[in-house]
Each structure stands twice: as C-alpha cells, then as structure tokens.
Amino acid sequence: MFAVSLISWYKKNYRKLPWRNTNEPYIIWVSEIILQQTRVDQGLPYFKNFIERFPSLASLAKSTEEEVLNQWQGLGYYSRARNMHYTAKYIFTHLDGVFPNEYNELIKLKGIGDYTASAIASFSFNEPKAVIDGNVYRVLSRVFGILNDINSKEGKNRIKNLADSLLPKNEHTTYNQAIMEFGALICTPKAPKCETCVVTDICYAKEKGKQLSLPLKIKKVNTKTRYFNFLIFQLNDFIVVEKRTDKDIWQHLYQFPLIETSKEIEDPLALKKLNGDIINLKKVKHLLTHQVIMASFWHISIQTLPEKKSYLKIPLSDLHKYPVPKIVENYAKEYLTIN
DNA sequence: AATGCGGGGCC
DNA sequence: GGCCCAGCATT
C-alpha cells in the first residue's frame, strides 16, 4: 500500500521543521509561500526572520510593502512577498482578520494557487486535498510510470487523478507531508536513493531503469542577456536610488539609477551628458533562471546630484532600509560600506 | 498553452 | 553550463 508505506517511512525519517509544530493557518501560509520554488535550506532562515518580524497576520497587514520586501530581500520571486502583503491586508480588512478555512475560498486569494490552497486546507483545516508540487510530480511519475510530459494538460491531469486516488482520507495531513518529504530526501531528481526506498518493489522507474528520465519535462529555455549600467552618484555621504516600477524583474525593489543598453558601453557619463569622476568600476555577471545580467557598477563622484522625478537622494547610511536586488546588495556590501 | 519571475545548490 | 527547487499570475 503506497500511502501506508510512505506514512510509515515519514514518521521515522522526517525533518523537524518549525512549521510542522503548528496548524495555525498564518504560519502554514507563510511557510508554504516561502517554500515555493525554494529549497528548505534556503527558505528556513527567511521563515524564522519573517515570523519574528511579522508574528501575526495583523502585524503583516499593518506593515508597509517596503518593510515586507526588506524581509524578503535576497530570496527572489518578489511577487510572493507583494502578494502576501496584499492578501494579509485583504483578510485583515475584508474578512475580519479571519483566515479562510476551506480550499474553495483559499484558492481565491492572491498568491495562492492549487498547491498552496491544498496545503493550507490539509495542514490547517483537516480538509482532504492532495498536494501536488514538484516532489509529487517526480514521485508519482516514477513509481506509477506516468510517461506524459508533465507540462502538458494530459500529464497534469493524470498526475492529478492519481494523486487524488492515492490520498488517504483520514491521514491526509501526514500523507501529504510524507510524499513531499520522500521526494525531497529519497526520490531526488538526481541520484535517487533507491537502495533505501520503501516503495522500490512497486516502482516503475526502478524496474525499467528510468529514474533519471522521469518525470518527462519538455521545455525550451531561451536565456537572454541584458546589459545593466548602475550609476552610483555620490556627493559627500548622499547617493541616489530609484524604485523599479516596470513589469520586469525586481518589481518594487530599489536600485541605483540604471541605464540598460544593448551592449557594453564605455562611458555612461557621456551618454547622460553629465560631468563627474568615475572613482570605481565593477563588472559583475549575475545569473537568473532565464536571464544573464551583465552589470557594470559605475561609482561616480559628482558636484551636483542629478535631478529626476523618480530619483531619491538618501544618506548612504539609509541604504539598508530599502529593499534591493541581490546584485545591488552584494555591490553595496563590498564597496559602499559605511562606518 | 506559453511565458515571466530570483537565487542558490548540485552535478 | 544545465537542472531543479513545498508555484503563481498573466497573456
């Protein structure tokens, strides 16, 4: 029995993680959002800091988006933080601060899709909904031999039907945790630990030697290269930052004034018709999932800080108050340390 | 159905 | 250098 085996394995082998000690929906929600497309090891310190800074839905709702993004800085996929802040305010204001307690209501909230709604429903409200995340796709496609592309409608439907049929109605909470933990620790993407697997005797992939070719994912990656020139205008202890507002990466985060070009440039000052002294130039290659950012940081000593509606003149010592992309954080830490 | 959205760890 | 991670929103 598939579910029984996984539950039994889980009870002996699960990791003790802070969100497993509670069924409080706010805590479960925060943990699930943080763990979207994010490994436990990477998300764990963010979870602890986030809960310490925003211990309740009310505290999150009463904060500013900037404060929330500041906590999120460095974790990536910042729409998660923006949507959480939006949803916290929505629940606080329009739902009397009470978290929706069933899948059909949870799914309506911004930032909550099928996986997260199922997880909160199962973990917080004892509603038997099967969670389907990357682990589940991998485990089920291997064990039960789902050969369809899991990005296709057919593949998703088969996994969905299979997941629903396997869900034990009474122990769904433990089972949901178990299958994901099993995928994370045993049925891993590379080098799965088949020698310690508890369902190896019924596993299609093991029998056929197809562990590494399942799940089948057909996708094309077109990575594009972009050239960012960050201009760090400095006058005494003041610098200039601006907020990113476009529908682009790092939305609502701050940065140094940016000139994006189609290729590397020699002299941004000439381009901007500005007079100043370049006192540092640092080039950094920053890798995102589908973009390569070739960044140049031009540190410019200038007599008059440039004026523009979107420019904020701030003391260098205040820079840490603004949420910034990792690449900006890295530069600031190395070259703009005050003290 | 396809695309955009971060950053990091692993091979 | 590619792949993937407790996905979701938008087009």
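Below, read A as the first sequence line, B as the second, and so on, with proteins coming before strands; counting in each chain starts at 1.
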| remark: Between the CG atom in A/Leu162 and the CG atom in A/Leu140, the distance rounded to the nearest 0.5 Å is 5.0 Å
| request: May I ask you to verify whether the side chain of A/Gln42 and the base of B/dG7 hold a donor-acceptor pair under 3.5 Å? | output: yes
| query | Does NZ or CZ of A/Lys48 lie under 6.0 Å from the centre of the six-membered ring of A/Phe50, at an angle within 45° of the ring axis? | reply | no
| request: Compare side-chain N and O positions of A/Lys224 against OP1 and OP2 of B/dG4 and report whether any pair is under 4.0 Å apart. | output: no
| query | Taking OP1 and OP2 of C/dA6, is either one under 4.0 Å from a side-chain nitrogen or oxygen of A/Trp19? | reply | no
| request: Return yes if the base of B/dG6 and the side-chain atoms of A/Thr289 contain a donor-acceptor N/O pair under 3.5 Å, otherwise no. | output: yes
| query | Would you say A/Gln37 reaches C/dG7's phosphate, i.e. side-chain N/O to OP1/OP2 under 4.0 Å? | reply | yes
| request: Scan A/Gly74 against the nucleic acid and name what it touches under 4.0 Å (heavy atoms): base, sugar-phosphate only, or nothing. | output: sugar-phosphate
| task | Using a 4.0 Å heavy-atom cut-off across all strands, classify A/Trp72 as base, sugar-phosphate, or nothing. | result | nothing
| query | Counting any heavy atom closer than 4.0 Å, what does A/Gln251 reach on the DNA or RNA strands: base, sugar-phosphate only, or nothing? | reply | nothing
| task | Return yes if a side-chain donor-acceptor contact under 3.5 Å exists between A/Ser296 and A/Glu264, otherwise no. | result | no
| task | Using only heavy-atom distances, decide whether a donor-acceptor pair under 3.5 angstrom links the side-chain of A/Thr38 to the base of C/dG7. | result | no
| query | Heavy atoms under 4.0 Å, any strand shown: does A/Asn151 hit a base, just sugar-phosphate, or nothing? | reply | nothing
| request: Determine: side-chain N/O of A/His290 to OP1/OP2 of B/dC5, distance under 4.0 Å, yes or no. | output: no
| request: Would you indicate, yes or no, if B/dG7 has its OP1 or OP2 atom less than 4.0 angstrom from a side-chain nitrogen or oxygen of A/Tyr78? | output: yes
| task | Describe the nucleic acid contact of A/Arg138 in one word from base, sugar-phosphate, nothing, applying a heavy-atom distance below 4.0 Å. | result | sugar-phosphate
| Of A/Glu65, A/Arg244, A/Lys243, A/Glu66, the residue whose pairing with A/His252 passes side chain to side chain donor-acceptor pair (under 3.5 Å) | A/Glu65
| To the side chain of A/Lys110, which of C/dA9, B/dC11, C/dG7 is closest? | C/dA9
